[in-house]
2 protein chains.
Amino acid sequence: MLEETLAKGLVGTLPRRMRAKLAEIAGDTVEIGSRQSLAQEGDAQTESILLLDGLMGRYMGPRERRQMVAIQVPGDFVDLHALPLDKLDHEVESLGPVRIARFPHDALRAAMAGDYPFAEALWKLTLIDAGLHRYWSYRLGRFRALAGMANFFAEMDHRLGRAGLRTEEGFALPLTHADLSDICGISQVHVSRVLKDLREAGLCALQGGRLTIHDRAGLYRMGEVSGAGLEELLD
Amino acid sequence: MLEETLAKGLVGTLPRRMRAKLAEIAGDTVEIGSRQSLAQEGDAQTESILLLDGLMGRYMGPRERRQMVAIQVPGDFVDLHALPLDKLDHEVESLGPVRIARFPHDALRAAMAGDYPFAEALWKLTLIDAGLHRYWSYRLGRFRALAGMANFFAEMDHRLGRAGLRTEEGFALPLTHADLSDICGISQVHVSRVLKDLREAGLCALQGGRLTIHDRAGLYRMGEVSGAGLEELLD
DNA sequence: CGGAGCGTTGAGCAACGTCAAAAGACGTGG
DNA sequence: CCACGTCTTTTGACGTTGCTCAACGCTCCG
């Protein structure tokens with residue numbers, strides 16, 4: 001049943017034999033409640049986590065003015081970078097109830113030591129993550145609130161689509177305005193205004209933990225998603 | 001003479017035997033003029049570059065509104081992530097005359113295949129880069145122009161210090177207002193105003209390609225550099 | 001001496017933050 | 001079932017930040 005889940009999302013892009021190898025290494029599968037902190041800044045790590053269900057956020061900065069620096073969707077490793085780094089420089093929190101699988105660093109290292117292509121494949125997963133960080137820097141540095149929010153929704157549309165979690169009409173997105181504030185680097189009040197603009201422009205609406213997309217092309221246009229490099233990175 | 005340069009900056013944190021290994025792999029050393037583009041988005045890469053002298057910037061977005069997503073100082077690999085990714089999702093440009101050393105991917109792969117600790121060490125270098133991306137996302141998302149600029153100057157102070165390129169009074173920083181605009185995600189005009197504020201606050205001054213620091217503690221305070229994780233990441 | 005690039009300054013405006021108030025959503029315990 | 005507290009969302013008013021446009025000075029170089 002883990003093999004099944006491994007076929008989806010980013011880990012699903014790995015060759016079959018590597019997914020099998022991962023399935024062997026996998027420790028236990030755990031369910032975790034909403035808004036639980038999995039790691040604090042500075043924590044030493046001895047295992048990494050693969051997200052099977054739900055969303056998780058990674059944060060920097062003081063709680064009252066924190067910035068989300070990455071969001072993970074099912075099929076993503078949440079903190080594989082903690083393996084070479086052996087500590088985390090940011091916090092990790094579940095954005096709702098999640099299901100995860102643990103991968104002990106010992107076992108991963110042992111497998112990689114004798115199989116360079118496997119090591120490079122895992123390395124690549126962490127670099128796709130880094131590519132998303134760059135994409136976020138670009139969004140945070142150069143996008144206005146409205147375009148930035150649309151851009152983020154388009155990113156989610158794309159990434160959740162790859163994980164098989166999207167329909168034509170939209171997808172589950174259990175985020176509060178406070179979450180979107182952390183993601184887009186704007187105030188909660190302004191999040192409310194921007195969502196209203198997107199709604200009234202007939203592009204999309206966020207209600208009941210779900211993003212309903214009314215005009216996907218328009219949303220992507222508003223988010224200035226073009227040759228910006230998201231598809232290239234993830235495909 | 002390459003061994004000597006390898007002792008400084010980020011690559012200098014590698015164990016001696018790994019630096020020796022790198023020195024063996026190194027291709028030719030090249031000098032490149034100011035404002036030369038080394039790679040375009042989408043380019044396939046067969047070698048990676050170690051920066052020996054000068055500064056380089058990495059950019060996303062259209063030229064007229066581009067965002068710098070990373071800056072490299074001597075001792076940094078500029079595009080080691082292109083090895084597992086085998087293409088670049090952003091542009092790389094020299095910010096002044098630079099000197100670089102080339103490392104063919106073939107040779108790096110061959111060395112890593114038989115030496116897992118070496119592979120993990122290079123992996124770790126790319127993850128420190130990713131950590132800096134996260135730091136930039138935090139700055140771009142949650143810092144005002146003044147604090148953000150101070151934060152960036154503090155980062156340069158710290159990183160150039162590790163590379164041995166800083167004195168008590170300041171360091172060479174051959175950046176134009178347009179560069180700082182790309183770095184901080186603000187307009188060129190506003191860069192001018194912010195620099196004036198920093199100058200008149202007695203913190204630092206940028207003249208003649210050099211940042212003169214008049215009050216380092218005050219600059220760090222203005223940039224809200226504290227337990228934000230930069231030291232932890234780089235040490 | 002003329003241009004090109006860079007830096008500075010001011011004026012007006014749009015975007016966004018902060019403060020405050022109030023209404024809705026939701027679960028908990030009585 | 002209702003009453004209650006808490007969290008979330010919405011809206012208005014007002015102040016601040018930063019952008020755009022425009023003009024002008026500076027420096028460097030041909």
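The chains referred to below are lettered A, B, ... by the order of the sequence lines, with proteins before strands, and numbering in each begins at 1.
- For the OP1/OP2 pair of C/dC16 and a distance below 4.0 Å, the side-chain nitrogens and oxygens of B/Arg142 include no atom meeting the criterion.
- Phosphate contact (OP1/OP2 of C/dG7, side-chain N/O of B/Ser192, threshold under 4.0 Å): absent.
- For the pair B/Leu146 CG and D/dC19 C1', the computed distance is 17 Å after rounding to whole Å.
- In this structure, A/Leu180 atom CG and C/dG17 atom C1' are separated by 17 Å, rounded to whole Å.
- For C/dT8, the OP1/OP2 oxygens have a side-chain nitrogen or oxygen of B/His177 closer than 4.0 Å.
- Distance A/Glu64 CD to C/dC19 P: 13 Å, rounded to the nearest Å.
- Here A/His190 does not reach the OP1 or OP2 of C/dA15: none of its side-chain N or O atoms lies under 4.0 Å away.
- Between A/Phe103 and A/Phe77, the two ring planes are perpendicular [angle over 60°; tilted spans 30° to 60°].
- No side-chain N or O of B/Asp129 forms a donor-acceptor pair with one of B/Thr126 less than 3.5 Å apart.
- Atom CG in B/Leu198 sits roughly 12 Å away from atom P in C/dT8 (whole-Å rounding).
- Which of C/dA20, C/dC16, C/dG17 sits closest to the side chain of A/Arg144 comes down to C/dC16.
- Distance B/Arg193 CZ to D/dA22 C1': 12 Å, rounded to the nearest Å.
- In this structure, A/Arg199 reaches the D/dT10 phosphate: one of its side-chain N or O atoms is under 4.0 Å from OP1 or OP2.
- In this model, the phosphate group of C/dT8 is not approached by any side-chain N or O of B/Lys196 to a distance below 4.0 Å at OP1 or OP2.
- A donor and an acceptor atom, one from each side chain of B/Tyr220 and B/Asn151, are nowhere located under 3.5 Å apart.
- When the C1' atom of C/dT8 is taken as reference, atom CD of B/Glu200 falls 12 Å away, rounded to whole Å.
- If you check every strand for non-hydrogen atoms under 4.0 Å, A/Val189 touches a base.
- Nearest nucleotide to the side chain of A/Thr176, out of C/dA11, C/dG17, D/dT8: D/dT8.
- Counting to the nearest Å, the C1' atom of C/dA14 and the CD1 atom of B/Ile186 are 17 Å from each other.
- At least one cation-pi condition fails for A/Arg159 and A/Phe171: the charged atom is not both under 6.0 angstrom from the six-membered ring centre and inside a 45 degree cone around its axis.
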Query raised in the report: Between B/Phe153 and B/Leu219, does a side chain to side chain contact (heavy atoms under 4.5 Å, CB included) hold up when you go through it step by step?
Result: CA-CA 8 Å; B/Phe153 286 153; B/Leu219 182 65; 4.1 Å; yes

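- If you measure from atom CZ of B/Arg65 to atom C1' of D/dG18, you get 15 Å, rounded to the nearest angstrom.
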